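Read through the structure below, which is laid out as C-alpha cells, and then see the notes.
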Amino acid sequence: MKPRLLKGFRDIFSAEYLARRWMVETVRKVYERYGFVPIETPALEYVDVIGKYLPDCDKAEEGIFAFRDSDQSWVALRYDLTAPLSRLVAQYPNLPHPFRRYQLGLVWRDEKPGLGRFREFYQFDIDTVGSASMAADAEVCMVICDALQALGFAKGEYLVKINNRKVLNGVLELAGIPPVDDKGEFTAQALTTLRAVDKLDRLGFKGVAELLGPGRRDESGDFTRGAGLTAEAIALIEKYLGISGKGREEVLRSLAELVATSPMGQEGVAELREMCELLSAVGYDSTQVTVDPTVVRGLSYYTGPVFETVLTVPCRDEHGEPRQFGSIFGGGRYDSLVERFLGEKMPATGVSCGLDRLLEAMRLLGRIKTPKATSQVLITTMDKSLMAHYQKITHDLRRAGIACEMFLGQGNIKKQLKYADQWDIPLAIIIGSNEMARQEVTIKDLRKGRELASKIEDRETWKKAEQIQVTVPLSDIFSKVQEMLKI
RNA sequence: GCCGUUGUAGCUCAGCUGGUUUAGAGCGCCAGACUGUGGAUCUGGAUGUCAUGGGUUCAAAUCCCAUCAACGGUACCA
C-alpha cells in the first residue's frame, strides 16, 4: 500500500498554513470593517439545492463530487459558497435584510487540476443579499481594494476590472443574437459568443473572431465550432471589445454610444456609471477600479455588474518563468439565484477571494513573512543530566508568554541547532556545564547567523563572528530573549 | 473528452542510432574532519523490481505494442 493523495488535493504544511492564516486574518479584518458578519454552512448539500439537477440516472453532473448517502438521497460537496448562501437566505426568511455575510470555506470541483488549480480549495466570500443598490456593488470593489492594500499591495499593483452583463446582452442584441430565450435561459448562440469573448486574453482578437465565425483549429489540430456570426456582427463585437480610454468616463461614453439603441445596454451603462460615481466620491481612482468591456465572468447566474481582479505586478516562478495569475477576486450581481427557492426576486451581489492563487502569488513575489515554526526559542539539551533544569527554563519562558520548545530528539548540539535552523526558529538557548556553573545562559540568534552566513567563507571567522550569540546571567533570560525577538 | 510529450535514486536529470562491466551525475539526506555550536569547505556513506505487462533479439533502461500515471495544449466548468 503506497501512501498517496487524490489528484488535485493537497497536504498543507505549517509554512503554508501559517501564511494562509495570516492572509485570512488580514482580509477578515477588512471584511468586518465593512460590517460583514461571519457564517458557516455544511460542506454537503442536497444536489438539487446546490443547483445541479439530476435526471433520474446514476451519474452525477460533471464537475461536482456527488454520491448517494445511506438514505439513497443524492448529495454533493459544495462547489462554491454562493449556492449555499442562496439556500440559507431562502430558508430563513426572518433574517434582517439586507443580509451581509462573509464566509471562509473549502469548496470542491471534480475537474482537471492544473497549475494553481485544485479540486479542493478555499474561497473567502462576501455577499450582500437584499439590496438592489449599486452602492452594494461599488462597496464590493472598495473591499477588494482595501483587502489587497492590507495585504501589502500598492496602488498600481492590482486592478479591479468591472463590467456589466446588461451591456454585454445589449451588444448581443445589436449583433442580432437574442441573449435569452422565452424561459430566460441563454441561447446557444449567445453562449458560444460569450465563451469566445471570454477567451480574448488567451487567443487575441484573431482567435476570438474565428470562434465567432466558422470556428477555430488550434495548434494541436483540435477543431472548435464557432458561433457562425455574420461579418457585421463580428465587426460590432470587435469594436465593442476594442473600447478603451483614459479613464472610466471615457470608456463609459464610448460604451453608451455603442449601445445607444439598446435599452438593455443603456441600463447596464447607467449602472456602471452609478458605481463609478460612488467609487470616485471616496477616492478609488481608475488605477484601482477600471471599466473593462472584455470582462465576462463565466456564464452563470450574473445579471448585472461583474468584477474581476488581477495582480499587475510581474511575477516569476522558481524557474524564472513569467507566471500569470487568473482572477484573484471574482464575482458580480446575481438577482435571480434566490428566486429559485422563493419564487420572487431577491437581489444579491458579492465577490469570492481565491485564497490559494493569492497565496501562491505572494509566495512567488517573496511577500510572505510568516515563519514555519510556532516556537520562538529552542532550548537545547546538551547535558542530559541537566534535563530538569532545561524543562524548568522552558516552562518559565512559556509562563512568560514566549512560545518555545525543548529539544525532544536525540543528538548532539550540532544536530539540535540544525533542527532549529530547519524550522526557522529564531533563537536557541544553550546551557552546558560552563553556563550551569556560572548560572548563565547562552542565547544564539539564528536569524542573524543566517544573514552573516552568506558573507562568511571560512569556518574560523564564522565561529568567531560576534553578535550571533550572547551569554547572560540566568536571571536576565526573559528580558534578553524578549529584546532579541523584537528585532 | 480530444491531441501531443514524458515516465531512470527523495528532487532535477544524463545514459547517442540496442552489447565495458555490480545503471551514473548534481542537489538533498546521513556520518566524520570540528571532542560545546546552524552556514561554507573537504572526506566517506546509504538509496533504484530503469512506471507496469507483454513482444522482437544471442542480448533491451535503450526497439515495438498495450496499460497506467504525470505534464503541456485544447474543450467543458451550472
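Residue numbering restarts at 1 for every chain, and letters A, B, ... go by the order of the sequence lines. None of the values given here were measured: they were computed from a predicted structure.
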Exercise. Does NZ or CZ of Arg10(A) come closer than 6.0 Å to the centre of the six-membered ring of Phe118(A), within 45° of the ring's axis?
Worked result: yes
Exercise. Does the ring centre of Tyr102(A) sit less than 6.0 Å away from the ring centre of Phe36(A)?
Worked result: no
For this session: Just call it for Lys7(A): base, sugar-phosphate, or nothing, with non-hydrogen atoms closer than 4.0 Å on any strand.
Result: sugar-phosphate
Exercise. Between U37(B) atom C1' and Lys415(A) atom NZ, what is the distance in whole Å?
Worked result: 15 Å
For this session: Would you mind reading off the distance between Met382(A) atom CE and G38(B) atom C1', rounded to a whole angstrom?
Result: 14 Å
Problem set entry | Lys448(A) (side chain) and G38(B) (base): donor-acceptor pair under 3.5 Å | no
Exercise. Taking the six-membered ring for Trp, is the centroid-to-centroid distance between Phe329(A) and Phe307(A) below 6.0 Å?
Worked result: no
Exercise. Are Arg447(A) and G38(B) close enough that a side-chain N or O sits under 4.0 Å from OP1 or OP2?
Worked result: no
Exercise. Contact class for Arg117(A) (heavy atom, under 4.0 Å): base, sugar-phosphate, or nothing?
Worked result: base
For this session: Please determine if Arg450(A) and Asp421(A) form a salt bridge, counting it only when a charged side-chain N lies under 4.0 Å from a carboxylate O.
Result: yes
For this session: Tell me what Leu446(A) touches on the nucleic acid: a base, only sugar-phosphate, or nothing, going by heavy atoms under 4.0 Å.
Result: base
Problem set entry | Watson-Crick or G-U counterpart of A14(B), or none if no pair lies under 3.5 Å | none
Exercise. Within the structure shown, what part of the strands sits under 4.0 Å from Tyr419(A) by heavy-atom distance: base, sugar-phosphate, or nothing?
Worked result: nothing
Seminar exercise, completed: Looking only at C30(B), U37(B), A75(B), the nucleotide nearest the Lys199(A) side chain is A75(B)
Exercise. Asp198(A) near the nucleic acid: base, sugar-phosphate alone, or nothing, with a heavy-atom cut-off under 4.0 Å?
Worked result: nothing
For this session: Provide the distance between the two P atoms, one in U56(B) and one in C65(B), to the nearest whole Å.
Result: 15 Å
For this session: In whole angstrom, give me the gap between the C1' atoms of U5(B) and U49(B).
Result: 26 Å
For this session: Using atom CD of Glu451(A) as one end and atom C1' of G38(B) as the other, report the distance to the nearest whole Å.
Result: 14 Å
For this session: Once you apply the 3.5 Å cut-off to both distances, tell me the Watson-Crick or G-U wobble partner of U67(B), or none.
Result: A51(B)
Exercise. Is the phosphate of G38(B), meaning OP1 or OP2, less than 4.0 Å from a side-chain N or O of Lys414(A)?
Worked result: yes
For this session: Hunt down the Watson-Crick or G-U wobble partner of U35(B), both distances under 3.5 Å, from any strand shown, or write none.
Result: none
Problem set entry | Rounded interatomic separation in angstrom, taking CZ from Arg216(A) and C1' from C2(B) | 15 Å
Problem set entry | Touch class at under 4.0 angstrom, heavy-atom based, for Asn434(A) against every strand present | base
Exercise. Starting at CG of Leu6(A) and ending at P of A69(B), how long is that distance when rounded to a whole Å?
Worked result: 12 Å
For this session: Give a yes or no on whether a donor-acceptor pair under 3.5 Å exists between the nucleobase atoms of U37(B), that is its base, and the side chain of Gln416(A).
Result: no
For this session: Could you measure between the two C1' atoms, the one in U21(B) and the one in U17(B), and give it in whole Å?
Result: 22 Å
Seminar exercise, completed: Which of G36(B), G38(B), A75(B) is nearest the side chain of Ile413(A)? It is G36(B)
Problem set entry | For G72(B), the Watson-Crick or wobble partner whose two distances fall under 3.5 Å | C3(B)
Exercise. To the nearest angstrom, how far is Asp421(A) atom CG from G28(B) atom C1'?
Worked result: 15 Å
For this session: Would you indicate whether Lys206(A), at its atom NZ, is surrounded by more than 12 heavy atoms from other residues, nucleotides or ligands within a distance under 6.0 Å?
Result: no
For this session: Please measure how far the C1' atom in U37(B) lies from the corresponding atom in U20(B), and state the result in whole Å.
Result: 48 Å
Exercise. C29(B) and G72(B): how far apart are their C1' atoms, nearest whole angstrom?
Worked result: 32 Å
Exercise. Taking CD from Gln422(A) and P from G28(B), how many angstroms apart are they, rounded to a whole number?
Worked result: 12 Å
Exercise. Which whole number of Å gives the distance between the C1' atom of U67(B) and that of U6(B)?
Worked result: 16 Å
Problem set entry | Residue mapping more 5' on RNA chain B - nearest nucleotide basis, Asp445(A) or Arg109(A) | Asp445(A)
Problem set entry | Check ion pair Asp335(A)-Lys345(A) (N to O, under 4.0 angstrom) | no
For this session: Select base, sugar-phosphate, or nothing to describe what Glu435(A) touches, counting heavy atoms under 4.0 Å on all strands.
Result: base
For this session: Show your reasoning for whether side chain to side chain contact (heavy atoms under 4.5 Å, CB included) applies to Thr442(A) and Ile429(A).
Result: CA-CA 6 Å; Thr442(A) 295; Ile429(A) 285 179; over 6 Å; no
Seminar exercise, completed: Heavy-atom nearest nucleotide on RNA chain B taken for Ala83(A) and for Thr442(A); more 5' hit belongs to Thr442(A)
Exercise. Rounded to whole angstrom units, what separation is found between the CG atom of Leu191(A) and the P atom of A75(B)?
Worked result: 15 Å
For this session: Indicate, with a heavy-atom threshold strictly under 4.0 Å, whether Arg195(A) touches base, sugar-phosphate, or nothing.
Result: sugar-phosphate
